[in-house]
Amino acid sequence: MPKIEQATKIKPYNQHRREGNSVVLRYFIWTIGCQMNKAESQQIAGYLDSVGHQAATSFSNADLVILNTCVVRQSAENKVLGTLGLLKGLKNKHPNLQILVTGCLVDSDTQELKRRFPHVDLLFKPGDYPELIAWGQKQGIPIEQRLLSYARNDTRGAPSPCALIPIIQGCDNFCSYCIVPYRRGREVSRPPGEIVCEVEELVGRGIKEVTLLGQNVDSYGHDLPGHPDLADLLNELNSIDDIARIRFLTSHPKDISLKLIDTVASLNKVCEHLELPVQAGDDDILRAMRRGYTVERYRELVHTIRRKIPQLSLSTDIIVGFPGETEEQFEHSLSLLKEMRFDVVHVAAYSPRPGTIAWREYQDNIPSEVKRERLHKIEELQTSIVSEINSQLQGRQVEVLVEGRKKGKWFGRTRSNKLVFFEDAGDWVAQLAKIQIEKTSPWSLRGEVKKIIN
Ligand code: SAH
Ligand code: SF4
Ligand code: F3S
């Protein structure tokens, strides 16, 4: 839960610095949820920065607060509700504080949300920037929509060399447990020309790595004229000079194509890393989840991908305690993890989401202690698998794109998305470094710098 400090420093926004006729605000954006939310918060920060507003360091020294929310599970929703509660107190003390809410809490019934949260000044759906700008105009607060997503480094303010680029919004899949399609709507792809233009601009400003984002990136382009696909887009981006790395997420096992796999295998800048959520290791549960594949199909897919991309690192998501999940069905998920040996497993306990198919059709009948126990079993197993995988990197040299500094050490990621720390007196930010790995753990690697890679 974020701390809200004593808010004595707050002045009403309209007593702040004025430039000409326009108001300059201090803003604070609070973000939870997926990479898409992170990208959208960076975008909003960019729109505010471009007209001179300034980032504040906390709620308590901001004139404008934006909550970018997630409701994928009840636990995320609770954090949002808790923060909204804290802000209610702050607004009572400082009525001129402007509170804006976006992200997946915002559904179509904004009237009902306004009634529940009368202290919120504006609710706007994810990506509905015209609504945000229109609100700003009414308040006399300039906000300008720009094409560029802004890349930032959270740790020291220097620009990070990595940018997040949303390429497709929404989801058409309707997995039975998932609220995302209800909150983010149907799939809408951005035209490739617009994405290429954005990446070229970013590269001109020193960006070295882009991550293309979508709830289901494999569906990219089906709604566009000529139906360009993700493989076509990767080919175009790969030919941009000075870009070092390209990533994308999230892939869907039922939609990922052989063409895409071959493209990843053949393009030198596309990293050997996939996020391919399996969700369960049991066919009956997968059917109830409406995932559209079987365990065997997933297994074959991973074998094919690993044959074509031998250096592949693979992430997955698993849900435990789905309605009716027996001990045996849960064991099937454990066996699949043992067999697949993923590099990363994001595990979550099933959380019923009002309005979804699973919420309507199944009873949430797995007790929370059982869910918790299963979750810990998965975490424990995965920790031992990844510590073995990572220990094989000991003594090897890896290429790291340095993102910034944390606790006196440089940090960055390998092409396979492993976090690496090293110490050195030089300035390494945005450099590609060759690092010799000296120490490994399930969570990160430590090493010694060998040289700059050009
Ligand atoms: N588009 C991605 C994931 C989007 S949501 C995909 O197809 O997998 C991110 C993750 O949250 C999911 O992979 C799932 O593991 C988890 N999740 C979504 N809804 C959930 C729910 N109701 N309860 C528990 N976990 C959930
Ligand atoms: Fe949710 Fe399924 Fe869409 Fe992923 S693919 S966002 S899990 S509905
Ligand atoms: Fe959460 Fe919405 Fe992302 S529910 S996971 S912020 S798409």
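Computation of the quantities below employed the complete heavy-atom set of this structure, encompassing side-chain atoms and omitting hydrogens, waters and symmetry-equivalent molecules. Note that ligands are numbered from 1 as they come in the structure, with each ligand's atoms numbered from 1 the same way.
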>> Can you tell me which portion of Cys171 lies within the under-4.0 Å heavy-atom range of ligand 1? Options are side chain, backbone, both, or neither.
In response: neither
>> Quick test of your reading of the structure: of Val72, Asn173, Asn216, whose heavy atom lies closest to atom 5 (S) of ligand 1?
In response: Val72
>> Salt bridge check, Glu325 against Arg374: does any charged N sit closer than 4.0 Å to a carboxylate O?
In response: yes
> Is a side-chain N or O of Tyr293 found less than 3.5 angstrom from the main chain of Val278, in a donor-acceptor match?
Replying inline: yes
> Hey, do the aromatic rings of Tyr182 and Phe174 have their centres closer than 6.0 Å?
Replying inline: yes
>> Assess whether a salt bridge exists between Glu296 and Arg299, defined as any Lys/Arg side-chain N lying under 4.0 Å from an Asp/Glu carboxylate O.
In response: yes
> Any idea how many protein N, O or S atoms are nearer than 2.8 Å to atom 3 (Fe) of ligand 2?
Replying inline: 1
>> Take a 6.0 Å sphere around CD of Glu380 and say whether it holds more than 12 heavy atoms from other residues, nucleotides or ligands.
In response: no
>> Can you confirm, on distance only, whether ligand 1 has an N/O atom lying under 3.5 Å from any N/O atom belonging to Arg353?
In response: no
>> Does any N or O of ligand 1 fall below 3.5 Å from an N or O anywhere on Arg291, backbone included?
In response: yes
>> Among all protein heavy atoms in this structure, tell me which lies nearest to atom 17 (N) of ligand 1, with the distance rounded to 0.1 Å.
In response: Arg73 NH1, 3.8 Å
>> Heavy-atom pairs closer than 4.0 Å: do any link ligand 1 to the side chain of Gln279, the backbone, both, or neither?
In response: side chain
>> Tell me whether Asn238 contacts the main-chain N or O of Lys269 through its side chain, where contact means a donor paired with an acceptor under 3.5 Å.
In response: yes
> Charged N to carboxylate O under 4.0 angstrom, Glu272 versus Lys308?
Replying inline: no
>> Between Arg247 (side chain only) and Val270 (backbone N and O only), is there a donor and an acceptor less than 3.5 Å apart?
In response: no
> Do Tyr177 and Tyr350 have their ring centres less than 6.0 Å from each other?
Replying inline: no
> Closest non-hydrogen protein atom to atom 21 (C) of ligand 1, residue and atom name please, with distance?
Replying inline: Ser351 O, 3.6 Å
> Considering only heavy atoms of Tyr350, which atoms of ligand 1 have at least one such atom less than 4.0 Å away?
Replying inline: 23 (N), 24 (C)
> Taking non-hydrogen atoms only, is Met36 closer than 4.0 angstrom to ligand 1 via side chain, backbone, both or neither?
Replying inline: neither
> To which protein heavy atom is atom 7 (S) of ligand 2 closest, and what is the distance rounded to 0.1 Å?
Replying inline: Tyr177 OH, 3.4 Å
> How long is the gap from CD on Gln169 to CG on Leu213, to the nearest 0.5 Å?
Replying inline: 9.0 Å
> Quick one: do Arg186 and Asp223 make a salt bridge, cutoff under 4.0 Å?
Replying inline: no
> Can you list the ligand 2 atoms lying under 4.0 Å from a non-hydrogen atom of Arg291?
Replying inline: 2 (Fe), 7 (S)
> How long is the span from the OG1 atom in Thr414 to the CG atom in Leu401, to the nearest 0.5 Å?
Replying inline: 10.5 Å
> Within the distance-only criterion (no hydrogens, no angle test), does the side chain of Thr69 pair as donor or acceptor with the backbone N or O of Thr102 below 3.5 angstrom?
Replying inline: yes
>> Return the closest protein heavy atom for atom 4 (C) of ligand 1 as residue, atom name and distance.
In response: Gln215 OE1, 3.4 Å
> Salt bridge check: are Glu131 and Lys125 linked by an N-O gap of less than 4.0 Å?
Replying inline: no
> Is the shortest side-chain N to carboxylate O distance from Asp232 to Lys259 below 4.0 Å?
Replying inline: yes
>> Give the atom numbers and elements of ligand 3 that come within less than 4.0 Å of a heavy atom of Val71.
In response: 4 (S)
> Polar-atom distance check: Thr250 versus ligand 1, any N or O pair below 3.5 Å?
Replying inline: no
>> Distance under 4.0 Å to a non-hydrogen atom of Ala348: what atoms of ligand 1 satisfy this?
In response: 25 (N)
> Out of Ile378, Leu337, Asp317, Leu381, which one pairs with Val347 under the side-chain contact (heavy atoms from CB on, under 4.5 Å) rule?
Replying inline: Ile378
>> Listing by chain and number, which protein N, O or S atoms are under 2.8 Å from atom 3 (Fe) of ligand 3?
In response: Cys34 SG
> Of the protein's non-hydrogen atoms, which lies at the shortest distance from atom 9 (C) of ligand 1, and what is that distance?
Replying inline: Asp317 OD2, 4.0 Å
> How far is atom 24 (C) of ligand 1 from its nearest protein heavy atom, and which residue and atom name does that atom have?
Replying inline: Ala349 O, 3.3 Å
> Salt bridge or not for Arg413 and Glu209, using N-O below 4.0 Å?
Replying inline: no
> Which of the atoms of ligand 1 are close to Pro277, meaning less than 4.0 Å from one of its heavy atoms?
Replying inline: 6 (C), 8 (O)
>> Just checking Glu144: does its CD atom have more than 12 heavy atoms from other residues, nucleotides or ligands closer to it than 6.0 angstrom?
In response: yes
> Which residue holds the protein heavy atom closest to atom 19 (N) of ligand 1, what is that atom called, and what is the gap in Å?
Replying inline: Tyr177 CD1, 3.3 Å
>> Can you tell me if Glu112 has over 12 outside heavy atoms packed within less than 6.0 Å of its CD?
In response: yes
